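Have a look at the structure below before the remarks.
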Amino acid sequence: MKLFRVETLLTRSAGQAAEFIRSGGIVAFPTETVYGLGANVFDEKAIEKIFEAKQRPADNPLIAHIGDLEQIGLLSAEVTAAAKKLIDAFFPGPLTVVLKKTAKVPLNATAGRDTVGIRMPRNEVASEFLIACGTPLVAPSANLSGRPSPTTWQAVYEDLNGHIDCILQGEATEIGLESTVVDCTGECPLILRLGAVALEQVREVVPETTMNMSGDDSPRSPGMKHRHYSPRAAVDIVANVAAIPKTDRSAFIGLNEPLISFDQIRILTNTAEYAHEVFEFFRECDRAGIETIYCEAVTDEGIGAALMDRLRRAAKG
Ligand code: TXA
Ligand code: MG
């Protein structure tokens, strides 16, 4: 595929970054989950540039990000009762609601679907940028498709320099895993992607929420079937740290200290920290020429469920 090449401007000014959106460009920006790659949701040409720059499969819909709750009306005219509860509880924050879209939202934003994912980030730089843009922005994670999601502006630069107009530089992201995606178009909310808001937390607000992670072939969650979060190194999930074999060019990330030595190692004190570090660790391992990354399994509680989901997908390669 022929990729367009542009000069990528690095800036800390939300106003300057917003100028690129106004002139039809694409801009990476920080959120509390991972960095996103934004385009005006109503600009079909700019949206095409996102798919091209990321080499993203055209059947994978994008999330629309808002800076102001009033913008929901531009995107959907059918906010269901369950969606209202989730919006009240979790906006702004790391949760995406999927609703019927308005005719104004172009079909290339939603990969041909009649629904749209909507999320309001709580990161301050993201809010400032979204408000300066004055329009909702569609934004997938700002990585090359299939690679680990970017949690620093440097990771965005590594994947997309020369292919996007601008990087709005912020801090390393607060959470490090993506938002929880909840389909609110049906009778009961359905979790399509586990993420930063745990299933338990969603159920506290809407107890009848279900989770049908049919994984690779769920027609309602198209993005989940593609290759995901993969470093170049092989990812091996291990339950027992003491049983890891000694191999060349290997790395370890987990909560317990292994008995053998590794070329790269990261020990975390809890699951949230593990989730925060995992994607950047994958990238560090690739830079160091690691061949196998051993990842300690965690329990499926709280953010542990989303972390295990990402590890399993990364392990599939
Ligand atoms: O935390 C996040 O959600 C980050 C930041 C940048 O906001 N964004 C992100 O976007 O992770 P992306 O494109 O990498 O993942 C979006 C996920 C995909 O699995 C996609 O299939 C699903 O959300 N999705 C988006 N719109 C959808 C829709 N209308 N129906 C079903 N699934 C949808
Ligand atoms: Mg992504």
Side-chain angles (χ1 to χ4, degrees), residues 27-39 41 47 50-51 54-67 75-76 83 90-101 105-123 125-127 129-130 136-151 155-156 159-160 168 170 173-186 189-197 212-213 215-216 218-230 275 279 303 306 309-310 313-314:
V27 175
F29 62 99
T31 81
E32 68 277 20
T33 57
V34 300
Y35 273 70
L37 177 59
V41 67
I47 294 169
I50 286 185
F51 281 93
K54 274 187 62 91
Q55 298 170 43
R56 181 176 176 104
D59 65 351
N60 196 359
L62 305 176
I63 295 171
H65 294 63
I66 56 172
L75 303 168
S76 177
F90 297 111
F91 279 29
L95 181 115
T96 297
V97 295
V98 172
L99 293 169
K100 277 266 176 314
K101 76 173 193 70
V105 177
L107 283 169
N108 72 340
T110 65
R113 301 177 162 252
D114 63 355
T115 58
V116 60
I118 306 174
R119 151 162 143 76
M120 182 174 182
R122 69 170 179 229
N123 174 281
V125 179
S127 312
F129 175 54
L130 284 160
L137 301 179
V138 277
S141 50
N143 53 294
L144 277 173
S145 226
R147 296 274 298 147
S149 299
T151 57
V156 177
D159 277 15
L160 297 175
L168 175 56
T173 60
E174 171 200 336
I175 300 169
L177 290 189
E178 300 84 349
S179 66
T180 301
V181 179
V182 190
D183 185 336
C184 293
T185 58
L190 176 71
I191 296 200
L192 300 180
R193 178 179 70 182
L194 287 166
V197 175
N212 177 14
M213 305 299 288
D216 287 359
S218 167
R220 288 174 80 179
S221 183
M224 304 310 272
K225 71 171 181 278
H226 298 293
R227 180 175 177 269
H228 260 306
Y229 317 113
S230 305
F279 287 144
I303 200 166
D309 169 78
R310 302 304 187 269
R313 288 173 202 283

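Residues take their numbers from the sequence shown, with the count starting at 1. Side chains are part of it too, since the values below use all heavy atoms of this structure and drop only hydrogens, waters and symmetry mates. This structure is a prediction, so every number in the text was calculated from the model and none was measured. Both counts, for ligands and for their atoms, begin at 1 and track the order of listing.
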>> Under 2.8 Å from the Mg ion (ligand 2), which protein N, O or S atoms do you find? Ignore water molecules.
In response: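 Atoms qualifying: Ser141 OG.
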> Mind checking what makes ring pair (Phe, Tyr, Trp, His ring centres under 6.0 Å) contact with Phe90, not counting sequence neighbours?
Replying inline: none
>> With side chain to side chain contact (heavy atoms under 4.5 Å, CB included) as the criterion, how do Ile303 and Ile175 come out once you've worked through the C-alpha distance, each side chain's angles and the decisive distance to 0.1 Å?
In response: CA-CA 10 Å; Ile303 200 166; Ile175 300 169; 4.0 Å; yes
> Applying salt bridge (Lys or Arg N to Asp or Glu O under 4.0 Å), which residue pairs with at least one partner in residues 139-151 are found, sequence neighbours left out?
Replying inline: Arg147-Asp159, Arg147-Asp286
With a heavy-atom distance limit of 4.0 Å, tell me whether [X] approaches ligand 1 through its side chain, its backbone, both, or neither.
| X | result |
| --- | --- |
| Val181 | side chain |
| Lys101 | neither |
| Leu192 | side chain |
| Asp183 | neither |

> Do we see a donor-acceptor contact under 3.5 Å between the side chains of Thr96 and Arg193?
Replying inline: no
For ligand 1, is there an N or O atom under 3.5 Å from any N or O atom of [X]?
| X | result |
| --- | --- |
| Glu178 | no |
| Thr31 | no |
| Thr33 | yes |
| Tyr35 | no |

>> If the cut-off is 4.0 Å to any non-hydrogen atom of Leu62, which atoms of ligand 1 fall inside it?
In response: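 Heavy-atom distances to Leu62 below 4.0 Å select 26 (N).
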> Do you know the tightest heavy-atom contact between Pro140 and Lys54?
Replying inline: CG-CD, 3.5 Å
>> Taking Leu168's backbone N and O only, do any of them form a donor-acceptor pair with Tyr35's side chain (distance below 3.5 Å, no angle check)?
In response: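 Not a single qualifying donor-acceptor pair exists.
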>> I'd like to know if the side chain of Thr110 reaches the main chain of Pro61, judged simply by a donor and an acceptor atom lying under 3.5 Å from each other, with no hydrogens or angles considered.
In response: no
>> Using the rule given for side chain to side chain contact (heavy atoms under 4.5 Å, CB included), can you reason through Leu75 versus Ile66, listing the C-alpha separation, both sets of side-chain angles and the distance that settles it, and then say yes or no?
In response: CA-CA 10 Å; Leu75 303 168; Ile66 56 172; 3.7 Å; yes
>> Would you call the rings of Tyr229 and Phe279 parallel, tilted or perpendicular, taking 30° and 60° as the class edges?
In response: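 Plane angle under 30°, so parallel.
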>> Tell me whether ligand 1 is touched by His65 - counting only heavy atoms on the residue side and a distance under 4.0 Å.
In response: yes
> So is Thr110 in contact with ligand 1, going by heavy-atom distances below 4.0 Å?
Replying inline: no
Can you check which of [options] brings a heavy atom nearest to [atom]?
| atom | options | result |
| --- | --- | --- |
| atom 16 (C) of ligand 1 | Ile63, Val97, Asp114, Thr180 | Ile63 |
| atom 8 (N) of ligand 1 | Gly36, Ala142, Ala139, Pro57 | Ala139 |
| atom 9 (C) of ligand 1 | Ser141, Gly38, Ala126 | Ser141 |
| atom 25 (C) of ligand 1 | Gly117, Pro61, Gly112, Pro140 | Pro61 |

>> Strictly below 4.0 Å, N to O, side chains only: are Arg119 and Glu178 in salt-bridge contact?
In response: no
>> Test of understanding: with side chain to side chain contact (heavy atoms under 4.5 Å, CB included), list the residues that count as partners of Ser145, not counting sequence neighbours.
In response: Arg56, Pro57
>> A side-chain contact here means heavy atoms from C-beta on lying under 4.5 Å apart; do Asp183 and Thr115 qualify?
In response: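 Heavy-atom side-chain distance check fails, nothing below 4.5 Å.
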> Would you say the side chain of Thr173 lies within less than 4.5 Å of the side chain of Thr33, judging by non-hydrogen atoms?
Replying inline: no
